[in-house]
Amino acid sequence: MAGSKTFWATRVLFIFTIVYPLFLFPGALFSKPTSLFDAQSQTVEMYQQLPKVVILLVAGLLGLLTFKPKTRNNPFLWLLLAHLVLVLAGCLNSRDEITFSILGPDRRMDGLLYQTGLVLFTLFVYEVVRRKPDAIRTLFLGLFWSGLIQSILVLLQRFDLDVIGRLVSWNAFQAPVGSIGQPGMLAGLLLVSLLTGLWLYTMESNRQYQWLLLAGIMLVAAATGMTTNRSVLLGLGIGLVGLNLNQRSWKILIVSCLSMLALFGANVGLNRFEQRKYADPTTGTSRILFWKLALGNLLGIPGQPMIGGGPDAFRLSILRNPQVDKLLPIYRLEYGWPSNTKVAKAEITQERNAPLRSNSLTVTFDYYKTQKSLTLDYPLTLDKTHNMLLDRLLDYGGFSVLVWLLLYLFPTWRGFHNPNALHSGVSWISLGIFIYYLTWFPVIQVEPLHLLVVAVGWALFTKEPVASNNLVQSPKAKTA
């Protein structure tokens, strides 16, 4: 009976990894564009994000009903529960409307409801792999296929054959976003897909399957290059170096080099989208400005650094204590103001009786491009610092930072001390994801798939005996 449960649970998780990024509501089939898309954030929330929260909760509850986690000698469970407690504490400390605490901020929907689903889903994966370690190959195959499907969607978007954008909002996307909605977020999914694809390649002994995997890896690498995301480039570099150190194989080195050639080749030859180039220093400069602004606002949050200010803490800290002199350099970079722009006056404005989140930065320019005496309003929508640990610190406090460091780095550390190629390979994938998050932030479209890898890493290092261990291993793993 237990074997049957894990068998079907593995299939459910495999389907989930493929369906989750694609799961959305086809709003364009039910409403006309003029009535449906007055507010872009509502479109993103209702038709792209809310369906994902629902399916995540369903999957998590299914796992909870199928497998009852053991509380004894289970640090992974306690870390996830600690995260949930810290989320609740941050929400209660936010002084925000309850709907924003439960559902999350605009365009994010990563509030208490999502965090609950995330914890339940991650525990589901952990319990399945702990009982059935050979489920890892199936789950990683699902991650690889998920990225492969997104890569095909990116190529369709490249040639103006976008299906997803027209299905959701009547308009084709003007960037390589797949069904995720934003290039940097999509890049996070392609990162884990590319690394798991290479892991599958190292573990596969059938040469025909290896050639198929190689073709898929090249396609995913090309799509990754079209997103032009340097955070992924850092994570991918660490992951590829680690997997090569793990395998010590000329074949893996060649595949890694070919994938990087496909990535940079597609970035130069196929990318018609207006993305920042890898050599553009703007992104790095803006990250530093974000971090300085966030650290400056930290002590303005009650209870810091122990308790956070809820899922929208960074934006609320800006709205409640706006520092125009620190905001102007960020907006100059993010909106690409010309170098000859001259600012006459900048102030925070709010309509009478309007909610706090309607505040805007009103800038009067002496000279802007070819226009003189121009006034523009910019929404105060900065809500993420582009650093996972700093976001966790603001949102849920210092203990949350410790929780997430342990979740990502403990299995990585254990893997480095394990001669088994399977274990250490998973650890390098987890580390690559962590490096990506040092200059990016978790989003609901991708984070559950990243935590699937984290859960796999923790399940491999459980102290309890497991039912089977008949994974396909590389020659190095067999002789270790």
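If you're wondering where the values come from, they're calculated on a predicted model, not measured in any experiment.
No donor-acceptor distance shorter than 3.5 angstrom exists from the side chain of T341 to the backbone of Y368, with no hydrogens or angles considered. Using modelled atom types, one side-chain atom of T196 and one backbone atom of V192 make a donor-acceptor pair closer than 3.5 Å. Here the side chain of Q157 pairs a donor or acceptor atom with the backbone of V177 at under 3.5 angstrom. Listed for the W458 side chain is a donor-acceptor partner under 3.5 Å among the backbone atoms of L407. Side-chain atoms of D110 never come within 3.5 Å of backbone atoms of I444 as a donor-acceptor pair (strictly under, hydrogens ignored). Not one N or O on the side chain of D383 forms a donor-acceptor pair closer than 3.5 Å with the backbone of F314. Judged by distance alone, the side chain of S94 and the main-chain N or O of C91 form a donor-acceptor pair under 3.5 Å. A donor-acceptor pair under 3.5 Å links the side-chain atoms of Q49 to the main chain of R107, judged by distance alone. Panel note: side chain R392, backbone G397; no donor-acceptor pair is recorded below 3.5 Å. N93 places a side-chain N or O within 3.5 Å of a backbone atom of G308 that can act as its donor or acceptor partner.
Classified by interplanar angle (parallel below 30°, tilted 30° to 60°, perpendicular above 60°), the ring pair F140/W199 is perpendicular. Ring planes of Y331 and Y335: parallel class, angle under 30° (limits at 30 and 60°). Taking the six-membered ring where the residue is Trp, F290 and H386 present parallel rings, their angle staying beneath 30° rather than reaching 60°. By the 30° and 60° cut-offs, the orientation of the rings of W337 relative to Y378 is tilted.
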Side chain to side chain donor-acceptor pair (under 3.5 Å) between S360 and T349, intermediate numbers included: CA-CA 5 Å; S360 61; T349 57; 3.0 Å; yes
Derivation of the ring-ring contact (aromatic ring centres under 6.0 Å, His included) call for F121 and F16: CA-CA 10 Å; F121 169 76; F16 178 91; 4.5 Å; yes
Residues Y114, E447; criterion side chain to side chain donor-acceptor pair (under 3.5 Å); working and verdict: CA-CA 11 Å; Y114 162 75; E447 187 184 17; 2.7 Å; yes
Side chain to side chain contact (heavy atoms under 4.5 Å, CB included) between V454 and T122, worked out: CA-CA 8 Å; V454 173; T122 307; 5.8 Å; no
Stepwise side chain to side chain contact (heavy atoms under 4.5 Å, CB included) test for D366 and V343: CA-CA 6 Å; D366 279 336; V343 177; over 6 Å; no
Step-by-step side chain to side chain contact (heavy atoms under 4.5 Å, CB included) determination, L194 to L198: CA-CA 6 Å; L194 189 54; L198 189 60; over 6 Å; no
Step-by-step side chain to side chain contact (heavy atoms under 4.5 Å, CB included) determination, L438 to M388: CA-CA 6 Å; L438 292 181; M388 179 186 70; over 6 Å; no
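With sequence neighbours excluded, the residues that form a salt bridge (Lys or Arg N to Asp or Glu O under 4.0 Å) with R357 are D96, D312. With sequence neighbours left out, D325 forms a side-chain contact (heavy atoms from CB on, under 4.5 Å) with Q323.
The line from CZ of F365 to CG of N340 is 11.0 Å long, rounded to the nearest 0.5 Å. Put simply, CD1 on I136 and OG1 on T10 are 10.5 Å apart, with the number rounded to the nearest 0.5 Å. A distance of 10.0 Å separates CG in L402 from CG in L86, rounded to the nearest 0.5 Å. The distance from atom CG of L191 to atom CG of N229, rounded to the nearest 0.5 Å, is 9.0 Å. To the nearest 0.5 angstrom, L62 atom CG is 9.0 Å from F67 atom CZ. In this structure, OG in S430 is found 6.5 Å from OH in Y408, a value given to the nearest 0.5 Å.
Within the 4.5 Å cutoff, side-chain heavy atoms of L148 are placed close to those of L219. By the 4.5 Å heavy-atom criterion applied to side chains, L81 and L77 are counted as neighbours. The side-chain heavy atoms of L189 and P21, taken from C-beta on, include a pair separated by under 4.5 Å. Residues M260 and L240 are in side-chain contact: their nearest non-hydrogen atoms beyond the backbone lie under 4.5 Å apart. In this structure, the side chains of L56 and Y20 come closer than 4.5 Å at one or more pairs of heavy atoms. At a threshold of 4.5 Å between non-hydrogen side-chain atoms, the residues K384 and R315 do not count as touching. Between I348 and T362, the closest side-chain pair of non-hydrogen atoms is not below 4.5 Å. Between V154 and T227 the shortest side-chain heavy-atom distance does not fall below 4.5 Å.
Sorted by first and then second residue, the pairs that involve residues 393-404 and meet side chain to side chain donor-acceptor pair (under 3.5 Å), not counting sequence neighbours, are H83-W404.
Atom CZ of F399 is surrounded by 12 or fewer heavy atoms from other residues, nucleotides or ligands within 6.0 Å. Crowding of I98 atom CD1: a count of heavy atoms from other residues, nucleotides or ligands under 6.0 Å not exceeding 12.
Using modelled atom types, one finds no donor on one side chain facing an acceptor on the other under 3.5 Å when comparing S358 with Q350. Between the side chains of Y436 and H450, no donor-acceptor pair of N or O atoms lies under 3.5 Å. Under 3.5 Å, the side chains of T364 and T375 contain a donor-acceptor pair of N or O atoms.
The one candidate from L405, I429, T412 that meets the side-chain contact (heavy atoms from CB on, under 4.5 Å) condition with F434 is L405.
What you find for L394 and Q304 is that their closest heavy atoms are O-NE2, 3.3 Å. Between S427 and P411 the shortest heavy-atom distance is OG-O, 3.0 Å. Residues A294 and L390 approach most closely at CB-CD2, 3.8 Å, considering heavy atoms. Pairing each heavy atom of S179 with each of K52, the nearest pair is O-NZ, 4.3 Å. In this structure, S193 and G147 approach most closely via the heavy-atom pair OG-CA, 3.2 Å. Considering all non-hydrogen atoms of both residues, M185 and Q182 come closest at N-OE1, 2.9 Å.
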